[in-house]
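Structure record follows, encoded as structure tokens.
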Amino acid sequence: MVIIDNFCNSKPEVINRIQKITGKTVALIQGDVRDKVFLGTVFKQHAIKAVIHFAGLKAVAESVANPLRYYDNNVMGSLALVEVMTEFNVKNLVFSSSATVYGFSDTKPIPETAPLSPFNPYGHTKRMVEQILEDLSASDSAWNIALLRYFNPVGAHESGMIGEDPNGIPNNLMPYVSQVAAGKLKELSIFGNDYPTVDGTGVRDYIHVVDLALGHVAALNVLDKNCGLLTVNLGAGHGYSVLELVHTFQEVTGRAIPYRIVERRAGDIAMYFADATLAKQKLAWQTQRDLADICRDAWHWQSQNPQGYS
Ligand code: WQD
């Protein structure tokens, strides 16, 4: 296996930990997915059979402030990758897409056939890359492409050796809660409790990151069987509210999570969660880990690595 990373939002230490966990040697090559010459050298030196494309920026608020950086990294990077894959006749690709392509969907749960209406630059870049790959697949049936629409990936590997290490103050709920639990942050601000949900707080489909990883392995296996183009939600198929997550985290870890209710966050949706039927049918995959597992593993990572990978 070969990992390419420009480390703009990760650290090389992760690879050492992956090798410790798996007992496998991983070839790590620092470089940028937008650099076609660099990519060409990698494809020349390694017998690549399939690519899982994770390389992209993923912070919604940052994408609003700096859209060109997102179009360059996420769209131009993907274009460079598939052009080099074509040159080397490597036509098996798993793409890390996102539920943000659905935008403000009224359908609950959300199936893959729901209307697509992303409303922020991050979501636009994910939909644009999906369109590029859809057109590529239509132009050349030799391509096998899995577009995986992630809902809310959270948690950490059960070993506590690898996990989420966000730059600066976390935007997302779970890393923020973990840092409050660790005393790195004072209290959680809950963005609104007046939504039409079970307790008024936002509801999301949280998926354990190890379940997410296993979804990629399942997708690779299906590519092997010449699946053509496959678009699949990766989610648990049900949602949890912010308060349900906070209460579960406290129960599972014994750590207090002080919080206060504040104004809604602009752009937030009340509730969204996946229709996970297609993943079960096409990938023979479904989530195995529940919210308690997510909270336990997130805390295990945070408590073992208070400074992340640094
Ligand atoms: C979850 C809930 C907030 C922080 C994310 C990523 C996006 C995409 C989808 C990959 C919401 C509430 C949060 C806080 C809070 N991922 N919240 N206080 O907004 O669903 O989107 O997942 O493609 O990249 O942005 O996730 O974790 O930010 O919020 O009350 O300090 O927690 O209002 O209801 P979201 P999130």
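What you are looking at is a predicted structure, and each value in this text was computed from that prediction instead of being measured. When a ligand or atom number is given, it counts from 1 through the structure's own listing order. Starting from 1, each residue takes its place in the sequence as its number. Atoms considered below: every heavy atom in the structure, side chains included; atoms not considered: hydrogens, waters and symmetry mates.
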*Would you list the pairs meeting ring pair (Phe, Tyr, Trp, His ring centres under 6.0 Å) in which at least one residue belongs to residues 279-301, sequence neighbours left out?*
W301-Y309
*Contact list for residues 74-89, test salt bridge (Lys or Arg N to Asp or Glu O under 4.0 Å), sequence neighbours left out*: K36-E83
*Using 4.0 Å as the upper bound for N to carboxylate O, is an ion pair formed by R296 and E158?*
no
*At what distance, to the nearest 0.5 angstrom, does OG1 of T125 lie from OH of Y70?*
8.5 Å
Output a table of donor-acceptor pairs, distance under 3.5 Å, between side-chain atoms of residues 166-181 and any protein atom two or more places apart or on a different chain; print 'none' if there are none.
unit_1 : atom_1 : unit_2 : atom_2 : d
N167   : ND2    : N9     : OD1    : 2.9
S178   : OG     : M174   : O      : 3.0

_Looking only at the side chains, is there a donor atom on one of H208 and D297 sitting less than 3.5 Å from an acceptor on the other?_
yes
Find all protein N or O atoms under 3.5 angstrom from an N or O atom of ligand 1 and list the pairs with distances, or write 'none'.
unit_1   : atom_1 : unit_2 : atom_2 : d
ligand 1 : 18 (N) : S189   : O      : 2.8
ligand 1 : 19 (O) : R265   : NH2    : 2.8
ligand 1 : 20 (O) : N152   : ND2    : 2.9
ligand 1 : 20 (O) : R204   : NE     : 2.7
ligand 1 : 22 (O) : N152   : ND2    : 3.2
ligand 1 : 23 (O) : S98    : OG     : 2.7
ligand 1 : 23 (O) : Y122   : OH     : 2.5
ligand 1 : 24 (O) : K58    : O      : 3.0
ligand 1 : 25 (O) : N172   : ND2    : 3.4
ligand 1 : 26 (O) : N152   : ND2    : 3.2
ligand 1 : 27 (O) : L173   : N      : 2.8
ligand 1 : 28 (O) : N172   : ND2    : 2.9
ligand 1 : 28 (O) : R265   : NH1    : 3.3
ligand 1 : 28 (O) : R265   : NH2    : 2.9
ligand 1 : 29 (O) : R265   : NH2    : 3.3
ligand 1 : 30 (O) : F191   : N      : 2.9
ligand 1 : 33 (O) : D268   : OD2    : 2.5

